[in-house]
Enquirer: 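Before anything else, here's the structure in question.
Only heavy atoms go into these numbers, but all of them, side chains included; no hydrogens, no water, no symmetry mates. Model, not experiment: these values are computed from the prediction. The sequence lines fix the lettering, A, B, ..., with proteins before strands; numbering per chain opens at 1.
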2 protein chains.
Amino acid sequence: MIQKKKHAFNLFAASKGLRSTRQRDSILDVFLSTRQHVSVEELYLKVKAGNPGVGQATVYRTLKLFVEAGLAREVLLHDGQTRYEHVVAGEHHDHLVCTGCNAIIEFENETIEKLQDEIAARHGFLIRSHKLEIYGLCSACKN
Amino acid sequence: MIQKKKHAFNLFAASKGLRSTRQRDSILDVFLSTRQHVSVEELYLKVKAGNPGVGQATVYRTLKLFVEAGLAREVLLHDGQTRYEHVVAGEHHDHLVCTGCNAIIEFENETIEKLQDEIAARHGFLIRSHKLEIYGLCSACKN
DNA sequence: CTCAAAAATGAAAATGATTATCAAAAGCAG
DNA sequence: CTGCTTTTGATAATCATTTTCATTTTTGAG
């Protein structure tokens with residue numbers, strides 16, 4: 001799976017005339033080894049741990065490439081930082097965000113997706129992506 | 001309706017020990033006269049037109065009060081600016097966001113709301129708010 | 001393998017939105 | 001009015017992100 005994603009990125013890179021570099025490889029490794037919703041800062045720190053010379057501008061730049069390549073997706077929560085999550089082919093999930101402890105619970109709901117398609121169709125709208133976030137308190141925080 | 005909202009804000013303000021000021025009144029007026037999804041900058045410019053001395057820090061501060069008072073809701077789209085929309089009691093809508101022309105189409109879907117409640121219940125999650133945004137191309141832009 | 005062109009990088013400066021600071025002004029209870 | 005507290009405007013500070021640009025790497029042609 002990690003191999004598949006790396007391959008996907010290489011294909012993308014080749015098709016765009018992008019070059020293969022040490023820093024892109026290590027950012028990809030770290031990203032792939034990561035749990036969901038990493039911020040750029042978190043990623044930057046992890047990358048630097050294994051590869052001290054990498055600058056954060058490069059991490060920013062590279063994450064945008066991952067998004068273009070379809071490996072990552074931007075997630076904007078409410079903390080003023082852009083986070084990135086893995087894109088798993090054919091899968092889409094949404095988020096329950098706990099405003100108490102910042103936990104994020106993922107869920108999938110096929111019916112909601114279908115309803116979105118219907119709504120879009122009704123408006124002649126072509127869906128590229130969507131984002132559903134439910135804010136509130138998780139079971140631990142609501143008491 | 002505008003009267004009702006002003007009243008709501010006054011009640012809120014009173015209950016919080018907030019004072020009634022010229023700038024808050026005029027920011028509220030402008031906000032209420034506004035179409036959906038105003039950015040702070042837009043609001044600031046409009047307020048300044050009728051009331052040149054108002055500073056933008058005040059507009060930022062006051063909008064947060066409106067959110068606390070339940071008159072406004074934050075909407076984060078993809079342009080790096082926080083926007084505010086009116087809260088209409090008992091009504092919630094979501095957005096189709098056209099990435100071509102930045103148009104925003106609102107919609108409501110009762111079934112999606114219900115499904116969200118079910119999902120939350122299943123996770124023991126207490127919903128405070130939610131946000132559903134569908135990105136893509138509107139009928140005019142998709143060709 | 002060598003080399004020049006093109007692309008990528010790191011460090012630092014720039015940007016843009018938002019927030020904090022603080023002295024002066026305004027609102028309000030008594 | 002008076003005095004105390006909140007609010008305000010101007011400006012500085014912050015924070016995430018982007019740009020700039022000189023330098024380093026990569027790559028592909030020869």
Enquirer: How about E108(A) and H93(A): does a side-chain donor come under 3.5 Å of a side-chain acceptor?
Expert: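 Short answer, no.
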
Enquirer: Main chain of V54(B), side chain of N51(B): is a donor-acceptor contact present, judged purely on distance under 3.5 Å?
Expert: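 The answer is no, because no donor-acceptor pair under 3.5 Å joins these two groups.
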
Enquirer: Quick check on dT18(D): is either OP1 or OP2 less than 4.0 Å from any side-chain nitrogen or oxygen of K64(A)?
Expert: yes

Enquirer: Find the distance Q23(A):CD to dT23(D):P and express it as a whole number of Å.
Expert: 18 Å

Enquirer: If you only use heavy atoms from C-beta on, which nucleotide in dT17(D), dA20(C), dT27(D) is closest to the side chain of T82(A)?
Expert: dT17(D)

Enquirer: Do the side chain of R61(B) and the base of dT7(D) come within less than 3.5 angstrom through a donor-acceptor pair of N or O atoms?
Expert: no

Enquirer: Heavy-atom nearest nucleotide on DNA chain D for G55(B) versus G17(B): which residue maps closer to 5'?
Expert: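 Mapping each residue to its closest nucleotide by heavy atoms, the 5'-most match is G17(B).
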
Enquirer: Can you measure Y44(A) atom OH to dC15(D) atom P for me and round it to whole angstrom units?
Expert: 16 Å

Enquirer: Looking at dA7(C), I'd like to know if its phosphate oxygens (OP1 or OP2) sit under 4.0 Å from a side-chain N or O belonging to K16(A).
Expert: no

Enquirer: Would you indicate, yes or no, if dT9(C) has its OP1 or OP2 atom less than 4.0 angstrom from a side-chain nitrogen or oxygen of T21(A)?
Expert: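 For T21(A), the contact criterion (side-chain N or O under 4.0 Å from OP1 or OP2 of dT9(C)) is met.
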
Enquirer: Using whole Å, report how far CG of N10(B) lies from P of dC28(C).
Expert: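 The answer, rounded to whole Å, is 10 Å.
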
Enquirer: Take the protein atom CD of E42(B) and the nucleotide atom P of dT18(C), then report the distance between them rounded to whole Å.
Expert: 11 Å

Enquirer: Does the side chain of L65(A) come within less than 4.5 Å of K16(A)'s, by heavy atoms?
Expert: no

Enquirer: Would you indicate, yes or no, if dT7(D) has its OP1 or OP2 atom less than 4.0 angstrom from a side-chain nitrogen or oxygen of T58(B)?
Expert: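 For T58(B), the contact criterion (side-chain N or O under 4.0 Å from OP1 or OP2 of dT7(D)) is not met.
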
Enquirer: Look at Q56(A) and dT18(D) and indicate whether a side-chain polar atom (N or O) is within less than 4.0 Å of OP1 or OP2.
Expert: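 No, no such contact exists.
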
Enquirer: In whole Å, what is the span from the CD atom of E74(B) to the P atom of dA17(C)?
Expert: 15 Å

Enquirer: Can you measure L65(A) atom CG to dT17(D) atom P for me and round it to whole angstrom units?
Expert: 16 Å

Enquirer: Looking for any heavy atom pair under 4.0 Å, which part of the strands does K48(B) touch: base, sugar-phosphate only, or nothing?
Expert: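 Contact class for K48(B): none.
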
Enquirer: At under 4.0 Å, does any side-chain N or O of R19(A) touch on OP1 or OP2 of dG28(D)?
Expert: no

Enquirer: Would you call the rings of F66(A) and F9(A) parallel, tilted or perpendicular if under 30° counts as parallel and over 60° as perpendicular?
Expert: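 The rings of F66(A) and F9(A) stand perpendicular, inter-plane angle above 60°.
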
Enquirer: For a quick test of reading the model: is some side-chain N or O of Q81(B) closer than 4.0 Å to OP1 or OP2 of dG16(C)?
Expert: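 No, Q81(B) has no side-chain N/O under 4.0 Å of OP1/OP2 on dG16(C).
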
Enquirer: Rounded to whole angstroms, how far apart are CG on N51(B) and C1' on dA25(C)?
Expert: 15 Å

Enquirer: R22(B) has an atom CZ; how far is it from atom C1' of dG27(C), in whole Å?
Expert: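 My rounded result for the distance is 11 Å.
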
Enquirer: Return the 5'-most residue of the pair G53(A), V40(B) with respect to DNA chain C, ranking by each residue's nearest nucleotide.
Expert: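 Here G53(A) is the residue nearer the 5' end.
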
Enquirer: Check whether any side-chain heavy atom of E74(A) lies under 4.5 Å from a side-chain heavy atom of Y84(A), and answer yes or no.
Expert: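 With C-beta onward as the side chain, the pair touches.
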
Enquirer: At less than 4.0 Å, is any side-chain N or O atom of Y60(B) found next to OP1 or OP2 of dT18(C)? Yes or no.
Expert: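 Yes, Y60(B) has a side-chain N/O under 4.0 Å of OP1/OP2 on dT18(C).
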
Enquirer: Does a nitrogen or oxygen in the side chain of R24(B) sit under 4.0 Å from OP1 or OP2 of dG27(C)?
Expert: no

Enquirer: What closest approach, in Å, do I112(A) and N109(A) show between heavy atoms, and which atom pair accounts for it?
Expert: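 Where I112(A) meets N109(A) most closely, the heavy atoms are N-OD1, 2.9 Å.
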
